Participant: 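I'd like to ask you about the structure that follows.
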2 protein chains.
Amino acid sequence: MAAEVHEGMAEVRNIDTRERILDAAERLFMAHGYDGTSMRQITGDAGVNLAAVNYHFGSKEALMQEVFRRRLDWLNEERMRMLDEMEAGSGGQPLKPSQIVDGFFGTLLRMADDEKRGGLTFLRLLGRTLTEPSEFIRTFLAEEYAHVLERYKAALFRALPDVPKAEIVWRFHFMLGATSYAIAGTDALRVVTDWGIEEGDSVDRLDRLLPRLMSFLLGGLRAPLPQFAAAEGEQQAARAA
Amino acid sequence: MAAEVHEGMAEVRNIDTRERILDAAERLFMAHGYDGTSMRQITGDAGVNLAAVNYHFGSKEALMQEVFRRRLDWLNEERMRMLDEMEAGSGGQPLKPSQIVDGFFGTLLRMADDEKRGGLTFLRLLGRTLTEPSEFIRTFLAEEYAHVLERYKAALFRALPDVPKAEIVWRFHFMLGATSYAIAGTDALRVVTDWGIEEGDSVDRLDRLLPRLMSFLLGGLRAPLPQFAAAEGEQQAARAA
DNA sequence: CTATGATTCAAACGAACGTATGAATCATAT
DNA sequence: ATATGATTCATACGTTCGTTTGAATCATAG
């Protein structure tokens, strides 16, 4: 079925083809979504034959999965490695929330500067895909992520023993959303209209986005616990200053 | 072109058809996305003829826009109304951040309990659409939102005079992301795996989600300002506790 | 009761979709 | 040099897509 990998410096042709397809698919999926991108666009952009995708990957779905696997394998290994390292250096003590958040979200954002790991394009694709409707994509991502999420959740539980676990999971979820938007398009809603009057900082200034996002995430993660209204019926908004 | 609206109690047939189409489209766009939903699915689910969409709305794109307009018109008017009301009652003083955040995001989340305004289905659709790739959707939403966003941004500028405007806009953006995830599926990444051991609180418990989200958003909004690394080159992670 | 315009309906349009096929072309090992 | 298997290629398949058409059906006004 699949091509056998030979040794030697050969294999330039098909490796090139595979990579070109993956690059084009990454770019187009990011720009137009999975359903909005056709095989003919992908192969056209990549400069390869239409049949090449099915030959090398089997199907469009399998291509999409490979687009993610190519990047996520490294990302999740790096996240695990950082957690291992931090926990090894903490002498059995719980980690600081800022360390954990940086390990998970900081590692992600720092990918944006690494063009050979997909850079901003992949980050945007990922940000948009987490809310994508396509069932098989979310299922695939959930499986790819599961063990990493479990370990980071566990680390947060230990770091914040006084915060109910359900609360931590929700806030992890909120942090994912904030990060997703931070990278998904950054002009998602053109909130951006007229902001950068003074400064010339936009998406590409990752060195400014990262501290900004980190402050926000940590502020949210460590916010006072919510007060649930005791009464049922219509819920009260939290008016506490 | 368009059907003329007569007086009287008639018009039951086409009004029904229009609403049935909008309801089905809202549900299906939420579940499978714009590109992933076909006209035949929509009309089939709605129990109307295939041609009905083009007759009543003109095109699939126009249908999508109407799906949003039907809900957003009310939402944005309500948001404006709340801001007017709060500013009228503040005696010229800046509003509290919690008031502003509740006006914008609280009003949105409270829609989920209002089934006749789309309820959770529309909220999820909206949450997922903000990151959707389809150009025309984002353009449309940006236009529909623009004036509301401007007013809320201005209110935040006034409420937080010591925070740089660019910082506020970024944090607004982050808040949008967190909220989007809070409503988009809530199992976006199955972060949820095993959390609710103790409590039975899930998406449907809006009365618990709202205070939770509000705490997080306000914590993020009022977090300490980020420290930008002075040096250029590779950026340092914010390691400050 | 009949005329009129709005709405519904079955059917079809051409275009684009993902995938499959079998022959041509290439690189390598013998 | 030739055989072999991997890869590329042009082409076609069957489906499904959004949209259009013209006749049938409905509700109302005169």
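For clarity, every value in this text was computed on a predicted model and none was experimentally measured. Proteins come first, then strands; the chains are lettered A, B, ... in the order of their sequence lines, and each starts at number 1.
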Participant: Using a heavy-atom cut-off of 4.0 Å across all strands, would you classify A:T43 as base, sugar-phosphate, or nothing?
Facilitator: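 Nothing, no nucleic acid heavy atom in range.
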Participant: Whole angstroms only, please: what is the CZ-P distance between A:F57 and C:dT19?
Facilitator: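 Rounded to the whole Å, the gap is 13 Å.
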Participant: Would you mind reading off the distance between B:L50 atom CG and D:dG18 atom P, rounded to a whole angstrom?
Facilitator: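 To the nearest whole Å, that distance equals 9 Å.
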Participant: Taking the minimum atom-to-atom distance to the side chain of A:K60, which one of C:dG18, D:dT8, D:dT19 wins?
Facilitator: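 The answer is C:dG18, which lies nearest to the side chain.
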Participant: Looking only at non-hydrogen atoms, find the nearest pair between B:D45 and B:A24 and report the distance.
Facilitator: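 Minimum heavy-atom contact is CB-CB, 4.0 Å.
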Participant: Please name the pair of heavy atoms, one in A:F105 and one in A:M175, separated by the smallest distance, quoted to 0.1 Å.
Facilitator: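 Heavy atoms of A:F105 and A:M175 come nearest at CZ-CB, 3.6 Å.
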Participant: In whole angstrom, give the distance that lies between atom CD of A:E61 and atom C1' of C:dT19.
Facilitator: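 Result: 13 Å.
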Participant: Using atom CZ of A:R40 as one end and atom C1' of D:dC9 as the other, report the distance to the nearest whole Å.
Facilitator: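 So the CZ-C1' distance, A:R40 to D:dC9, works out to 14 Å.
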Participant: Calculate the interatomic distance between B:Y34 atom OH and D:dC17 atom P; express it in whole Å.
Facilitator: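 After rounding, the gap between these two atoms is 13 Å.
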Participant: Send over the distance from B:N54 CG to C:dT8 P, rounded to a whole Å.
Facilitator: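 Rounded to the whole Å, the gap is 13 Å.
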Participant: Of the non-hydrogen atoms in B:Y181 and A:S180, which two are nearest, and what is the gap between them?
Facilitator: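 Residues B:Y181 and A:S180, closest heavy atoms: OH-OG, 3.1 Å.
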Participant: Nearest nucleotide by nearest heavy atom, which residue falls closer to the 5' end of DNA chain D, B:N49 or A:N49?
Facilitator: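 Closer to the 5' end of DNA chain D: A:N49.
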Participant: To the nearest angstrom, how far is A:M39 atom CE from C:dG18 atom C1'?
Facilitator: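 From A:M39 CE to C:dG18 C1': 6 Å.
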Participant: Taking the six-membered ring for Trp, are the ring centroids of B:F172 and B:F104 within less than 6.0 Å of each other?
Facilitator: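 Close enough - the centres of the two rings lie under 6.0 Å apart.
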Participant: Once you round it to whole Å, what is the distance between P of D:dT8 and CG of A:D16?
Facilitator: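 My rounded result for the distance is 9 Å.
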